[in-house]
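Remarks on the structure that follows.
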Number of protein chains: 2
Amino acid sequence: MTDRTITLLIVDDHPVVRDGLRGMFASDPGFDVLGEAAGGVEAVELVQRLDPDVVLMDLRMPDGGGVRAIAELTRRGARAKVLVLTTYDTDSDTIPAIEAGATGYLLKDAPRDDLFTAVRAAAEGRTVLSPAVASRLVSAVRNPSPAAGALSAREREVIELVARGTSNREIARELFISEATVKTHLTHVYGKLGVKDRAAAVAVAYERGILG
Amino acid sequence: MTDRTITLLIVDDHPVVRDGLRGMFASDPGFDVLGEAAGGVEAVELVQRLDPDVVLMDLRMPDGGGVRAIAELTRRGARAKVLVLTTYDTDSDTIPAIEAGATGYLLKDAPRDDLFTAVRAAAEGRTVLSPAVASRLVSAVRNPSPAAGALSAREREVIELVARGTSNREIARELFISEATVKTHLTHVYGKLGVKDRAAAVAVAYERGILG
DNA sequence: CGGGCCATCAACCGATCGGCTGATACCCCT
DNA sequence: AGGGGTATCAGCCGATCGGTTGATGGCCCG
């Protein structure tokens, strides 16, 4: 297993990142970078043509994005394992990617050795997740929606006002509570919706029918 | 016209505001406050029972909100003129309120005399708008949706990333532009969507089908 | 009765945002 | 040629946000 050379395809819209990755893997004879793609569409084409063992895939690319490409590869029953390598670890990125068929999910700040290990693991079909992503996934799976979709009444009031562009201070006045409490509610909302800020919270709330 | 006593109904969920308004109008013999309501539902009931000339209505109340109450009054063909008196002047508040049938729209920071004048004007069926609201409405009417719904491609990319919880700096990296440019795009988006922050922009984008 | 969820509040701090002003440049249309 | 829309960038600044820690009290469930 470990002896065979692992062939790779690098997919990222940032040339710098592509170069960096190519350089890294070039230094280890255990890997062979077959090619690069700058977008999802190109990636699907190259996978067909080059048939790599592992695809290092960025999410969030200009032309449609990585999730669509992963789904397409899965649909076609591609042999290649997809290892997502991205900067962000939001639920709205990770979960769709995993659902679409990604074998692993790493953050770009992962140490070089972790990356090598992860690629080898992915080549063998084993799932690799960044610790942060892993813990998030576990809770997401354990609480498929109970903890996810279940905002309390108060929390719903708050997010509804947020969607209207109301500031925390204004929300406080509106609901007869302190600004501190508003922030507490929002922090809880962020946790439940798997986001980091109010804008994303509003988006997820719409996606789940909590708003709109 | 000006000689007759004008009867009022005060609708606001803040007791303090209700007291303040009641006190103001009590000091002028030209007005007679018939009653108060703390929410939209109660307001509709009281209008039926008390038949005031003018309803001073807050938007954004716990039980459904002022817009719904205004619409209900309009539907029932109530004689009372509704004068919206609120703190916020977002498009998402003003336009629905006017559409629902409000005769006027004042901000709570309006001087006391302006308020009196506005109530008298409303009683006569004349439309009264805060200067800020007026100018906003004009442009909203002149550009029914052309300037409203038409985000440029770049702007759509930006708001889409915002909805995913991406910070301005991250968006800049993502799109290969500077953070300053991202902010410029967002400022334009706020203007076009009639909002003041990213959270509200995401909400409006969903409402208009730009996102989702 | 203890544990968990909810709601409430406080104070601090760094990061981010949004507003403002001003500028360059391209393109399309008149 | 000029105007308008779009895209790009800069710097400054106050306001706001989000994270953190810690705490109180009510409520329900087992």
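Order of the sequence lines sets the chain letters (A, B, ...), proteins ahead of strands, with each chain counted from 1. Keep in mind it's a predicted model, so treat the numbers as computed, not measured.
Comparing B:A153 and A:R169, the nucleotide of DNA chain D nearest to each residue sits closer to the 5' end for B:A153.
Across the protein-nucleic acid pair, A:K196 atom NZ and C:dC17 atom P stand 13 Å apart, rounded to whole Å. Regarding B:H188, its NE2 atom lies at a distance of 14 Å from the P atom of C:dG18, rounded to whole Å. Between B:R198 atom CZ and C:dG19 atom C1' there is a gap of 14 Å when expressed in whole angstrom units. Between the CG atom of A:L175 and the P atom of C:dA7 there is a distance of 11 Å, rounded to whole Å. Rounded to a whole Å, the CD atom of B:E179 is 9 Å from the C1' atom of C:dC17. Atom NE2 of A:H185 is separated from atom P of C:dA10 by 13 Å (rounded to the nearest Å). Summarising the geometry, the separation between CD on A:E155 and C1' on C:dT8 is reported as 13 Å, rounded to the nearest angstrom. We find that CG of A:D197 is positioned 21 Å from P of C:dG14, with the value rounded to whole Å.
Residue A:R169 places its CZ atom among 12 or fewer non-hydrogen atoms of other residues, nucleotides or ligands, all under 6.0 Å distant.
Using a distance-only test at 3.5 Å, with no hydrogens or angles considered, a donor-acceptor pair links the side chain of B:E42 to the main chain of B:A38.
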Step by step, work out the side-chain contact (heavy atoms from CB on, under 4.5 Å) result for A:L85 and A:V17. CA-CA 11 Å; A:L85 185 63; A:V17 174; 5.8 Å; no
Steps toward side-chain hydrogen bond (donor to acceptor under 3.5 Å, both in side chains) verdict (A:T184, A:T187): CA-CA 5 Å; A:T184 304; A:T187 300; over 6 Å; no
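Heavy-atom minimum distance, A:E207 versus B:Y206: OE2-OH, 2.6 Å. Scanning all heavy atoms of the two residues, the minimum distance from A:M24 to A:S27 falls at O-OG, 2.6 Å.
Counting non-hydrogen atoms under 4.0 angstrom, B:T181 reaches a base of the nucleic acid.
Listed nucleotides C:dT8, C:dA10, C:dG18 differ in distance to B:L186; the shortest reach to its side chain belongs to C:dG18.
Atom CE of B:M57 sits about 10.5 Å away from atom CG of B:D12, to the nearest 0.5 Å.
With a heavy-atom cut-off of 4.0 Å to chain B, the contacted part of DNA chain D has its first and last nucleotide at D:dT6 to D:dC12.
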Identify all pairs in which a protein N or O lies below 3.5 Å from an N or O of nucleotides 21-26 of chain C, and state each distance.
none

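Below 30°, between 30° and 60°, or above 60°: for B:F25 and B:F31 the angle between ring planes is above 60°, a perpendicular geometry.
Using a cutoff of 4.0 Å between basic side-chain nitrogens and carboxylate oxygens, A:E160 and A:R164 are scored as salt-bridged.
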